[in-house]
Each structure stands twice: as structure tokens, then as C-alpha cells.
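Everything quoted here is computed from the prediction, not taken from an experiment.
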Amino acid sequence: MGFGILALAATTGFAQNARNCAPRDVVVERLAEKYGEARQSIGLGANNSVVEIFAAGETGTWTITVTMANGQTCLVASGQNFETLAEALPAKGNDA
């Protein structure tokens with residue numbers, strides 16, 4: 001849903017502001033140490049970018065990152081009240 005839009009925006013320069021980007025290992029370490037966030041999901045975006053969602057179960061904070069082919073990871077969005085869902089897909093042919 002909005003996930004693809006974020007990936008597209010990130011690959012077109014939205015998230016490539018130098019203040020919001022760093023090498024991936026630096027970003028992952030900072031998210032873990034400062035916010036207690038760990039990777040919850042991963043996907044492949046446009047131009048071989050990697051989109052990841054990090055979240056902290058204890059505090060509910062979350063961050064969406066995009067890692068470019070050059071290894072730079074950019075922060076795309078962050079927030080609070082992360083919740084893991086396990087919803088079933090709607091039946092085929094049902095637009096629910």
C-alpha cells in the first residue's frame with residue numbers, strides 16, 4: 001500500500017538528504033542502541049534498493065529505511081505504536 005510509495009519516493013531523491021543518510025551498519029547500530037529497534041520486515045524496492053522496517057517491541061517506536069545500491073541507508077519515516085499483525089488475505093475475488 002503506502003510502502004511502495006515510500007520506496008519510490010526514497011529512490012527519487014526524497015530520502016537522500018545527507019542529514020538523513022549514513023552507511024547501513026551505522027544506521028542499524030544507532031536504531032538498536034538508541035531506540036531498541038530491530039528489523040521486523042524487509043523488501044526489494046525500485047532500482048535494487050532495500051526497504052526495511054525496524055521497530056522496538058517494548059516502546060513501540062518504528063523506523064522505515066531504504067538502503068541504496070551504494071550502501072547508503074536513508075531514514076524515510078518513523079513513528080510510534082508499532083504493532084505486528086497477522087491478518088489473513090481476503091478471499092480471491094473479494095475486494096475487501
Under 3.5 Å side-chain donor-acceptor pair for Thr61 and Glu37: yes

Looking only at heavy atoms, which two atoms of Gly36 and Ala56 are closest? And how far apart? O-CB, 3.3 Å

Distance-only criterion, 3.5 Å: show the donor-acceptor pairs between side-chain atoms of residues 66-79 and protein atoms not counting sequence neighbours.
unit_1	atom_1	unit_2	atom_2	d
Thr67	OG1	Thr73	OG1	2.8
Asn70	OD1	Gln72	N	2.9

Around atom CZ of Phe82, are there more than 12 heavy atoms from other residues, nucleotides or ligands closer than 6.0 Å? yes

To the nearest 0.5 Å, atom OG1 of Thr59 lies from atom OH of Tyr35 at 10.5 Å

Atom CD of Gln40 and atom OG1 of Thr63: how far apart are they, to the nearest 0.5 Å? 11.0 Å

Name every donor-acceptor pair, under 3.5 Å, that has one atom in a side chain of residues 23-34 and the other anywhere in the protein, sequence neighbours excluded.
unit_1	atom_1	unit_2	atom_2	d
Arg24	NE	Glu52	OE1	3.3
Arg24	NH2	Glu52	OE2	2.8

